[in-house]
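This report concerns only the one structure given below.
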Amino acid sequence: MTRRQTIICSALSATGILLAFIFFNFIYPYHIHYQEQMQLFRFGADYFRESMAIPGGLGDWIGGFLVQFFYHAPAGSLILAMLLGLIQFLTWKNMEKGSFAAYPLSFLPAIAMFLFYCDENALVTAAVAMAASLTLSSALMNIRRTGFRFATTILLMPVMYCLFGSISIIVPVVVGIRSAMRKKEMTAILAFSAAAVLMAVLIPFTARSCCPYPLERLIFGIHYHRYHNAIPLMVWTAVLLVPSVLLLAKVMTRDKLAAVSMALVILPAACLTPVFTDIEKERLFGYDFMTRMGQWNKILATSDRHVPDSPIAVECTNLALAKTGHMSSDMFSFFQNGPAGLLPEFTRDHFSPIPTGTVYYHLGMINTAQTFFFEAQEGIPDFQKSARLSQALARTNLLNGDYEVARKYVRALKQTLFYRKWAKETEKLLDNPELIDQVPEYAYLRSVRIKDHDFMFSQEEMDSMLGLLYVENDTNTMAMDYLLAWCLLRKDLPRFFECHKLLKKGYDARHYQEAVILYWALTHDGPDGMPDFITDRTAKSFTRFISRLQAGVDEASMQKEFGNTYWFYYYYRFK
């Protein structure tokens, strides 16, 4: 290639890396955080040995090492973008005398891997394994003697499989194709191909006798996707694209064909990215991350822009309202889908219990929060531990006085990079429990948690449990907010009216006035005796609402005028 063409190719590669970084950092940042919280990478010989005991263990260890930096979204985005750029560069390096026109084709395997990483359960191990395999392929082609090159490749196949898993099949495929393109010793190439095929069949069958994994997983890879029963199709698409690109590059020799190869790259990237991107799930991960970081105002701003229509989004919004003191006045300014949007029922998976457990944690229901966190950790599909959940479990055990159990989690977190400082500080508290109350968060939660009553958790008795929290400590205003909200969302106005009397302040909040005046209208013949904290503004607004309701005004018009009131929810939502 000419110098000008080399500069253009370098600019294309840099642009690809930049676009990947922009996508993950600005469009998919919460997917990055999600990846980080689903593992617990530890620096230590035991963890390394555990990783290496499984086929593909080194790739998994390197992948875990990189993913720990996903704690910061920009760092994680840069790492992913650089890995994709490395795959593209190594694909180009493996092209036999690639031309300028063929250069864009080297992006195709990287694009397939990019689409793979739009899935939140795609593991970085796959990109590491592909980069390692392409690197070895390029290095082997520097061996001049064909026979020695083939023998070395065959001998390295089981080694690469043990280190990086089944993606390493790229190595003999690339070596065979590139050797054939040089048109030397075709008999040796045929013998090599037969030996490589035989080795590729024998390796997983042999591994099955050593590792307790199904044959299907040994063939398609153990550490490439979080769900072990899922075949990572985009990974194997990328693997198949490598030899396809090498063969196609042989045809793309004229510079005039550069536009064609660019079209082969740009069109699938532009058309498939929206298909593989799940913005709704990204927003859901965003709610969870903001809840984790206590970004309450940011949650409310997000819910203002986008209607929170899933239970997790709604429960995070309601938690933000409670933490900012706006639940009693602004709750129905946001979409509500019934009690499931306040405290959803337990779902047996590895994500849904986390934000719900966080709500219980802030309420002071520490045992319930601990159960949710533990079940979420045990439900991680690839049987990893979670740094975030280990930290949460350390907190709940510390608050419950189970110091030795908390120490177990702290000991593991001390071997991490980003949780080490917190773990060392918490270890000091475990060594000196009298210091715990010097931490404001722990002091408050220890004061509001249930101490004098024991109860079995029951979703149907939620109002009783919340009531006990408030009765034991009336400074737990969040418990009362949730108790009254629970009654309102269930449309249980008699129970609401009964619990509302326990309030010493805040009883005249907007939604409470709306609920009381509605209850009074439904149970009394007139306004006589109605509580005096009902303002004239609320009374007049309620009169307008009832007159329009009786006149049969359509729902859209009612929502436009009264959509932020409890009355609209009572008559038009959660039927």
Legend entry - Residues in ring-ring contact (aromatic ring centres under 6.0 Å, His included) contact with Phe285, at least two apart in sequence or another chain: His31, Tyr34, Phe351
Inset, instruction - Only pairs at least two apart or in different chains count here, so list each salt bridge (charged side-chain N to carboxylate O under 4.0 Å, His left out) that has a residue in residues 301-312. - result: none
Inset, instruction - Taking the side chain as every heavy atom from C-beta outward, state whether Val239 and Val173 have any atom pair closer than 4.5 Å. - result: no
Inset, instruction - Go through the steps for Glu378 and Lys385 under the test salt bridge (Lys or Arg N to Asp or Glu O under 4.0 Å), then give the verdict. - result: CA-CA 8 Å; Glu378 294 304 306; Lys385 297 302 179 185; 2.9 Å; yes
Legend entry - Under the side chain to side chain contact (heavy atoms under 4.5 Å, CB included) test, residues paired with Phe48 that sit two or more places apart: Met52, Leu58, Trp61
Inset, instruction - Using the test side chain to side chain contact (heavy atoms under 4.5 Å, CB included), find all partners of Asn337 that sit at least two apart in sequence or belong to another chain. - result: Pro311, Val314, Phe335
Inset, instruction - For Tyr442, enumerate each residue passing the ring-ring contact (aromatic ring centres under 6.0 Å, His included) test, keeping only those at least two apart in sequence or located in another chain. - result: none
Legend entry - Residues which pass ring-ring contact (aromatic ring centres under 6.0 Å, His included) with Tyr213, listed by chain and number, not counting sequence neighbours: none
Inset, instruction - Any salt bridge (charged side-chain N to carboxylate O under 4.0 Å, His left out) involving residues 418-427? Give me the pairs, sequence neighbours left out, ordered by first then second residue. - result: Lys414-Glu427
Inset, instruction - State the CD1-OH distance between Ile354 and Tyr361, to the nearest 0.5 angstrom. - result: 15.0 Å
Inset, instruction - Mind checking salt bridge (Lys or Arg N to Asp or Glu O under 4.0 Å) for Arg407 and listing every partner two or more places apart, or none if nothing turns up? - result: Glu404, Asp431
Legend entry - Those residues that, when tested against Arg292, pass side chain to side chain donor-acceptor pair (under 3.5 Å) (two or more places apart): Tyr419
Legend entry - Any residue meeting side chain to side chain contact (heavy atoms under 4.5 Å, CB included) with Thr291, in chain and number order, not counting sequence neighbours: Trp296, Ile299, Cys316, Leu319, Thr358
Inset, instruction - Could you tell me whether a side-chain N or O of Thr416 sits under 3.5 Å from a main-chain N or O of Arg42, the two making a donor and an acceptor? - result: no
Legend entry - Spacing of Arg226 atom CZ and Asn121 atom CG [to the nearest 0.5 Å]: 5.0 Å
Inset, instruction - Please list all pairs passing the salt bridge (charged side-chain N to carboxylate O under 4.0 Å, His left out) test where one or both residues lie in residues 113-126, with sequence neighbours left out. - result: Glu120-Lys281
Inset, instruction - With sequence neighbours excluded, tell me which residues meet ring-ring contact (aromatic ring centres under 6.0 Å, His included) with Phe114. - result: Phe23, Phe24
